[in-house]
Amino acid sequence: MGNSTSSFWGKSTTTPVNQIQETISNNCVVIFSKTSCSYCSMAKKIFHDMNVNYKAVELDMLEYGNQFQDALHKMTGERTVPRIFVNGRFIGGAADTHRLHKEGKLLPLVHQCYLKKKQEERH
Ligand SMILES: N[C@@H](CCC(=O)N[C@@H](CS)C(=O)NCC(=O)O)C(=O)O
Ligand code: FES
């Protein structure tokens with residue numbers, strides 16, 4: 001399979017797990033998704049409707065998307081999509097995210113991340 005880690009988003013020589021960790025620490029909301037998946041669209045809509053920016057990584061558009069799903073499996077216990085991270089932490093799939101939103105817990109998690117970033121900027 002050759003150099004399997006070199007052709008991903010943001011070319012890198014690190015492992016998929018490391019690239020995922022980097023992405024989730026640089027973005028308050030990251031949705032690992034597939035373009036063909038309506039659960040994924042539903043999850044994106046939750047953030048869209050709250051006016052929250054998110055980074056979507058479309059695994060079906062990546063040559064080695066399967067390896068990212070394997071890495072997500074290692075990190076979260078499932079390789080299904082969507083896999084959603086807020087403030088550097090895995091919060092779950094589409095159903096979990098919907099539940100957090102309904103309980104009013106999703107936006108506070110996003111705000112915690114924004115506050116953290118602001119504080120980091122001041123240092
Ligand atoms: N309960 C999960 C369901 C996730 C799920 O079943 N995802 C399907 C697509 S809708 C999946 O990832 N299938 C395997 C794959 O696409 O690799 C959630 O709410 O996120
Ligand atoms: S809803 Fe069918 S692939 Fe996700």
Side-chain angles (χ1 to χ4, degrees):
M1 211 183 278
N3 186 1
S4 58
T5 54
S6 65
S7 70
F8 292 111
W9 84 81
K11 282 203 180 226
S12 165
T13 53
T14 63
T15 63
V17 168
N18 282 330
Q19 283 192 61
I20 290 168
Q21 271 160 353
E22 200 182 313
T23 305
I24 64 179
S25 62
N26 290 338
N27 298 276
C28 282
V29 179
V30 183
I31 304 179
F32 292 90
S33 167
K34 292 189 182 181
T35 55
S36 55
C37 171
S38 35
Y39 275 25
C40 302
S41 307
M42 274 165 41
K44 289 171 187 168
K45 189 176 181 313
I46 293 175
F47 291 99
H48 178 85
D49 289 350
M50 294 191 299
N51 273 321
V52 167
N53 287 326
Y54 56 83
K55 177 171 181 63
V57 179
E58 303 293 355
L59 296 167
D60 57 341
M61 297 289 120
L62 296 175
E63 194 177 350
Y64 298 101
N66 244 323
Q67 293 188 11
F68 278 96
Q69 279 187 270
D70 291 342
L72 287 166
H73 188 189
K74 261 191 237 159
M75 297 168 74
T76 70
E78 296 267 9
R79 71 194 309 289
T80 54
V81 287
R83 303 270 84 195
I84 300 167
F85 294 78
V86 176
N87 197 5
R89 272 183 30 222
F90 174 63
I91 63 159
D96 305 309
T97 303
H98 191 246
R99 182 177 40 80
L100 281 172
H101 181 48
K102 259 183 34 192
E103 293 171 354
K105 293 178 184 161
L106 192 56
L107 198 53
L109 288 177
V110 176
H111 281 157
Q112 270 173 29
C113 185
Y114 290 167
L115 280 174
K116 194 177 77 188
K117 283 205 187 302
K118 260 196 206 158
Q119 276 160 7
E120 282 164 5
E121 278 165 23
R122 275 197 234 115
H123 290 295

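Numbering of ligands and ligand atoms starts at 1, following listing order. Values below: all heavy atoms of this structure, side chains included; hydrogens, waters and symmetry mates excluded. Quick caveat, the model's predicted, so the values are computed rather than measured.
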Checklist entry - Can you tell me if Ser25 uses its side chain to pair, donor with acceptor, with the backbone of Glu22 under 3.5 Å? => result yes
Checklist outcome for this item: Hits for side-chain hydrogen bond (donor to acceptor under 3.5 Å, both in side chains) against Lys105, two or more places apart or cross-chain, chain-then-number order -> Glu103
Checklist outcome for this item: Heavy atoms of Lys34 and Asp60 approach each other most closely as CA-OD1, 3.5 Å
Item to check | Protein N/O/S atoms closer than 2.8 Å to atom 4 (Fe) of ligand 2 | outcome: Cys37 SG
Item to check | Step-by-step side-chain contact (heavy atoms from CB on, under 4.5 Å) determination, Ile84 to Asp96 | outcome: CA-CA 9 Å; Ile84 300 167; Asp96 305 309; over 6 Å; no
Checklist entry - Can a salt bridge be assigned to the pair Glu58 and Lys44 using a cut-off of 4.0 Å between side-chain N and carboxylate O? => result yes
Next on the checklist: Starting from Val86, can I reach Ile24 by hopping between I/L/V/M/F/W/Y residues whose side chains sit under 4.5 Å apart?
Outcome noted: no
Item to check | Hydrophobic cluster membership, Phe47 vs Leu100, 4.5 Å side-chain cutoff | outcome: yes
Checklist entry - Residues two or more places apart in sequence or in another chain: which of them pass disulfide (SG to SG under 2.5 Å) with Cys37? => result none
Checklist outcome for this item: What one should report as the nearest heavy-atom pair of Phe90 and Arg83 is CZ-NH1, 3.1 Å
Checklist outcome for this item: Those residues with a heavy-atom separation under 4.0 Å from ligand 1 are Lys34, Cys37, Tyr39, Gln69, Thr80, Val81, Pro82, Gly93, Ala94, Ala95
